[in-house]
Amino acid sequence: PFSQEIIMSLHKFIPASFIIVWLSLAQIVFAQDDVKIEPTKITDQIYMLTGQGGNLGLFIGQDGTFLIDDQFAPLTEKIMSAIKSVGGDSPKFLINTHYHGDHTGGNENFGKQGTLIFSHDNVRDRLANGFFIREFSMKGEPMSPAGLPVVTFSEDISFHLNGDKVHAIHIPHSHTDGDSIIHFSSANVIHAGDVIFSGFFPFIDVSHGGSIKGMITGVKKILALSDENTQIIPGHGPLTNAAELGNYLEMLETAYERLRKLKAEGKTAQEAIEAKPLADLEEEWGDGIFTGDKWIEIIYSGV
């Protein structure tokens with residue numbers, strides 16, 4: 001059997017069309033020993049950490065270390081080493097931007113060491129009860145109490161620490177039904193979670209409340225909080241900014257309008273794929289996780 005961490009990690013590195021094939025293999029070589037957690041300095045107190053899975057956010061200061069997401073359980077020690085390398089310590093607070101395993105896999109490790117975990121209500125529910133991601137034929141077992149968020153919120157929550165106001169804002173029905181973005185007001189930095197896949201078609205978890213229209217609304221919310229100097233940490237991909245996010249929004253809106261029209265005409269997902277409505281977007285946006293055809297297959301029921 002494949003662990004949650006292994007399966008969820010595949011969607012960062014391997015085209016989605018390959019995932020189901022790989023799941024049928026008897027064995028898979030998966031070496032997390034080779035993963036490096038790399039800190040990228042954004043301000044004197046805020047870093048983006050990359051490794052395997054979703055991008056982490058790190059906020060350090062005299063009031064304690066604040067961590068955004070935690071990738072996979074086997075990487076916790078490496079994440080801690082990276083945190084200490086830039087002057088942080090064991091996280092006082094951890095917030096999950098959503099429930100997927102490449103963002104919550106380290107929860108149990110951090111919870112056991114005393115980190116207080118926060119999330120939207122729906123994230124805790126999903127982690128506590130287990131889930132099934134239809135697109136990847138993946139079952140997630142319920143998480144142990146040690147890894148569950150202790151404090152949850154329905155709309156937003158604010159943290160006042162390290163000289164800044166950190167505002168977590170729920171973005172409904174976007175990537176999932178439980179996504180949050182994290183806004184550092186004074187630092188002018190936003191961790192966007194998986195509302196943003198920087199440079200490629202995003203995975204949208206339709207079976208758990210996600211939709212392309214909600215993604216569009218979420219991106220507009222992020223842009224409303226941004227100016228030309230805002231630095232934006234995406235859930236996946238390189239650090240981005242408002243200008244690049246405008247291009248991402250244009251892609252989402254173009255795709256939505258074309259797919260909405262096909263759906264209004266009564267086209268099935270397969271018929272929509274055959275119409276090739278995203279062919280002109282492929283070169284710029286189709287070289288990450290999904291081809292245009294696969295992306296339509298995944299998101300069409302949520303249009």
Side-chain angles (χ1 to χ4, degrees), residues 7-25 54 98 100 102 132-138 171-177 179 192-223 232 234-238 240-303:
I7 297 172
M8 284 308 298
S9 72
L10 295 179
H11 78 70
K12 174 168 178 163
F13 301 105
I14 303 169
S17 58
F18 292 168
I19 290 176
I20 302 304
V21 175
W22 278 49
L23 292 179
S24 67
L25 299 178
H98 62 290
H100 288 154
D102 61 323
F132 181 77
I133 300 179
R134 183 187 65 238
E135 293 81 1
F136 300 140
S137 298
M138 192 205 100
I171 306 295
H173 300 293
S174 52
H175 173 62
T176 69
D177 61 6
D179 288 85
D194 278 8
V195 176
I196 301 178
F197 282 59
S198 183
F200 43 96
F201 293 133
F203 172 54
I204 300 175
D205 191 347
V206 175
S207 57
H208 293 99
S211 71
I212 186 171
K213 189 172 183 179
M215 292 283 275
I216 290 168
T217 300
V219 173
K220 288 180 177 179
K221 177 67 175 178
I222 294 168
L223 284 170
I232 302 170
H236 296 269
T240 189
N241 56 44
E244 292 175 352
L245 193 55
N247 294 332
Y248 179 72
L249 175 61
E250 183 179 358
M251 178 275 290
L252 291 174
E253 290 180 324
T254 299
Y256 173 72
E257 285 303 319
R258 292 175 184 178
L259 296 177
R260 183 193 60 78
K261 181 179 178 181
L262 290 169
K263 200 161 190 182
E265 293 171 356
K267 303 293 186 184
T268 65
Q270 186 55 46
E271 288 170 335
I273 289 169
E274 292 170 357
K276 300 293 182 184
L278 307 183
D280 59 326
L281 303 177
E282 282 273 4
E283 183 175 354
E284 182 174 0
W285 303 99
D287 60 351
I289 299 172
F290 305 118
T291 64
D293 289 355
K294 188 63 182 182
W295 195 47
I296 293 170
E297 179 184 325
I298 287 174
I299 71 171
Y300 195 69
S301 63
V303 173

[X] versus [Y], closest heavy-atom pair with distance:
| X | Y | value |
| --- | --- | --- |
| Leu223 | Ala242 | CD2-O, 3.6 Å |
| Ser174 | Ile171 | OG-O, 3.1 Å |
| Ser198 | Pro238 | OG-O, 3.1 Å |
| Arg134 | Ser301 | NH2-OG, 3.9 Å |
| Asp194 | His236 | OD1-CD2, 3.0 Å |
| Tyr248 | Val219 | CE2-CG2, 3.6 Å |

Spacing of [atom1] belonging to [X] relative to [atom2] belonging to [Y], to within rounding of 0.5 Å:
| X | Y | atom1 | atom2 | answer |
| --- | --- | --- | --- | --- |
| Glu297 | Ile299 | CD | CD1 | 11.0 Å |
| Asn247 | Leu252 | CG | CG | 11.0 Å |
| Glu271 | Leu262 | CD | CG | 9.5 Å |
| Ile222 | Lys220 | CD1 | NZ | 13.0 Å |
| Lys267 | Ile273 | NZ | CD1 | 13.5 Å |

State whether the side chain of Thr240 and the backbone N or O of Ile232 hold a donor-acceptor pair below 3.5 Å, judged by distance alone.
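No, Thr240 side chain to Ile232 backbone: no donor-acceptor pair under 3.5 Å.
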Spell out, as yes or no, whether a donor-acceptor pair under 3.5 Å connects the side chain of Tyr300 to the backbone of Lys263.
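Yes, the answer is positive, given that a donor and an acceptor are paired below the 3.5 Å cut-off.
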Check this for me: Glu265, atom CD, are more than 12 non-hydrogen atoms of other residues, nucleotides or ligands nearer than 6.0 Å?
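Above 12, so yes.
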Should the heavy atoms of other residues, nucleotides or ligands under 6.0 Å from CD of Glu250 be counted, would the total exceed 12?
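No, CD of Glu250 has 12 or fewer neighbouring heavy atoms, counting only those of other groups under 6.0 Å.
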Check each of Glu253, Arg258, Arg260 against Tyr256 using the side chain to side chain contact (heavy atoms under 4.5 Å, CB included) test, and report the only one that passes.
Arg260
Pair up each side-chain donor or acceptor in residues 204-215 with any protein partner under 3.5 Å, not counting sequence neighbours, and list the distances.
unit_1	atom_1	unit_2	atom_2	d
Asp205	OD1	Ser207	OG	3.1
Asp205	OD1	His208	N	3.4
Asp205	OD1	His208	ND1	3.1
Asp205	OD2	Tyr99	OH	2.5
Asp205	OD2	His100	NE2	2.8
Asp205	OD2	His208	ND1	3.2
His208	ND1	Tyr99	OH	2.9
Ser211	OG	His173	O	3.0
Ser211	OG	Gly214	N	2.9

Please identify each residue that fulfils side chain to side chain donor-acceptor pair (under 3.5 Å) with Thr176, with sequence neighbours left out.
Asp179
Over 60° means perpendicular and under 30° means parallel, so tell me whether His175 and Phe203 are parallel, tilted or perpendicular.
perpendicular
Counterpart residues, side chain to side chain contact (heavy atoms under 4.5 Å, CB included), relative to Glu284 (two or more places apart)
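Per chain and number, Glu284 pairs via side chain to side chain contact (heavy atoms under 4.5 Å, CB included) with no residue.
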Is Pro202 close to Trp295 at the side-chain level, that is, under 4.5 Å between some pair of heavy atoms?
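Yes, their side chains come closer than 4.5 Å.
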